[in-house]
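Written out below as structure tokens is the structure these notes cover.
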Amino acid sequence: MADGPANNEGPDRQGFLLDLMTGADDEAASLQKLAYASARWLSSTAGTGVECAAVLYRQRGSTATAGSTTEAAAVAASEDEYSDGPAALGSTLAAPTVVSQAGSRWQAYRRRLLEQGFGAALVLPLELHPGVSAALVFLGPPNHVFTPRVTSEAAWFGGVASRSLKLALDVHGVIRAGDNLKQVLESRTSIDVACGVIMAQNRCSYAEAFSRLAGTSRNRNLKVRSVADSILKAMPSGAPRTRFEPPAIA
């Protein structure tokens with residue numbers, strides 16, 4: 001992986017990916033890295049300074065935005081706030097699309113571009129997972145024109161960006177699943193140990209011990225895990241520590 005293609009004119013660029021994971025703790029950080037890499041790539045291709053606004057949509061979840069500069073980030077945020085920009089249509093577009101200066105469709109959006117110091121805009125839809133869509137909006141300076149060659153190159157870069165972001169989202173999903181599993185295991189361990197304490201103190205069954213925990217949870221309006229933790233912390237030796245280590249790989 002790399003931050004950007006070393007040679008846009010190379011004869012074989014198949015399999016190229018952007019590194020969107022190094023130093024990225026979450027999806028928003030990966031989206032930010034994508035915005036930086038995209039701006040660098042298109043600036044080199046277009047021969048002028050081009051910035052990038054990136055927007056990630058989820059059908060069930062919040063929208064994430066990023067920008068290669070503060071101004072580009074403001075344009076990305078306006079996509080989420082007003083929902084009238086080209087990124088909102090990213091999933092319905094089949095190819096890179098230059099926002100037209102004519103007509104009333106983009107007038108409000110273009111005013112916001114001008115306020116941030118931009119003129120032309122080239123929207124690049126990204127193919128991701130079902131229910132998840134994204135778009136990159138390349139932002140040129142006033143009076144800049146995105147040529148057919150640059151637009152064609154953007155179509156290639158869209159495949160690279162899509163594969164790279166999709167991989168990053170998959171990796172973040174695996175990490176989240178692992179963190180959630182660890183929390184579940186730790187929570188279950190605390191509850192089981194607390195039930196053991198109650199069983200020893202009251203000479204009752206596990207079901208009866210858990211029922212007492214649940215009853216206290218309802219009466220105090222606390223989670224069962226919180227009640228269990230309070231019991232373990234009250235033990236003379238304190239709450240036992242839980243450790244989960246991955247199995248060794250031969």
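Sequential numbering from 1 along the given sequence is applied to the chain's residues.
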Close side-chain approach of [X] to [Y], heavy-atom, < 4.5 Å:
{"X": "V137", "Y": "V99", "result": "no"}
{"X": "H172", "Y": "M21", "result": "yes"}
{"X": "T63", "Y": "E79", "result": "no"}

Those residues at least two apart in sequence (or on a different chain) that pass side chain to side chain donor-acceptor pair (under 3.5 Å) with D26 are none
Quick one: pull up [atom1] in [X] and [atom2] in [Y] and give me the separation to the nearest 0.5 Å.
{"X": "R212", "Y": "N202", "atom1": "CZ", "atom2": "CG", "result": "4.0 Å"}
{"X": "C204", "Y": "F210", "atom1": "SG", "atom2": "CZ", "result": "13.0 Å"}
{"X": "S190", "Y": "L232", "atom1": "OG", "atom2": "CG", "result": "6.0 Å"}
{"X": "K166", "Y": "L17", "atom1": "NZ", "atom2": "CG", "result": "11.5 Å"}
{"X": "L42", "Y": "E153", "atom1": "CG", "atom2": "CD", "result": "9.0 Å"}
{"X": "L122", "Y": "T147", "atom1": "CG", "atom2": "OG1", "result": "10.0 Å"}

Could you pull out the closest heavy-atom pair between [X] and [Y], with the gap in Å?
{"X": "V98", "Y": "F146", "answer": "CG2-CB, 4.2 Å"}
{"X": "L169", "Y": "R58", "answer": "CD2-NH2, 4.1 Å"}
{"X": "C52", "Y": "A72", "answer": "O-CB, 3.4 Å"}
{"X": "L20", "Y": "S30", "answer": "O-OG, 2.6 Å"}
{"X": "A121", "Y": "L113", "answer": "CB-CD1, 3.8 Å"}
{"X": "L139", "Y": "A53", "answer": "CD1-CB, 4.2 Å"}

Look at the side-chain heavy atoms of Ile, Leu, Val, Met, Phe, Trp and Tyr, link any pair under 4.5 Å apart, and say whether V55 and Y82 land in one connected group. no
Once side chain to side chain contact (heavy atoms under 4.5 Å, CB included) is applied, do any residues pair with [X], and if so which ones, sequence neighbours excluded?
{"X": "A161", "answer": "L34, L126, L136, F157"}
{"X": "E81", "answer": "none"}
{"X": "Q116", "answer": "E71, A74, V75, F118"}
{"X": "A108", "answer": "D84, R111, R112"}

Check for a donor-acceptor pair, side chain of [X] on one end and backbone N or O of [Y] on the other, with a separation under 3.5 Å.
{"X": "S230", "Y": "V227", "result": "yes"}
{"X": "Q32", "Y": "G67", "result": "yes"}
{"X": "S162", "Y": "G158", "result": "yes"}

List the residues meeting ring-ring contact (aromatic ring centres under 6.0 Å, His included) with Y36, not counting sequence neighbours, and say none if there are none. none
If the threshold is 4.0 Å, N to carboxylate O, is there a salt bridge linking D229 and R225? yes
Between V150 and V50, is the side chain to side chain contact (heavy atoms under 4.5 Å, CB included) condition met? List the steps. CA-CA 12 Å; V150 171; V50 174; over 6 Å; no
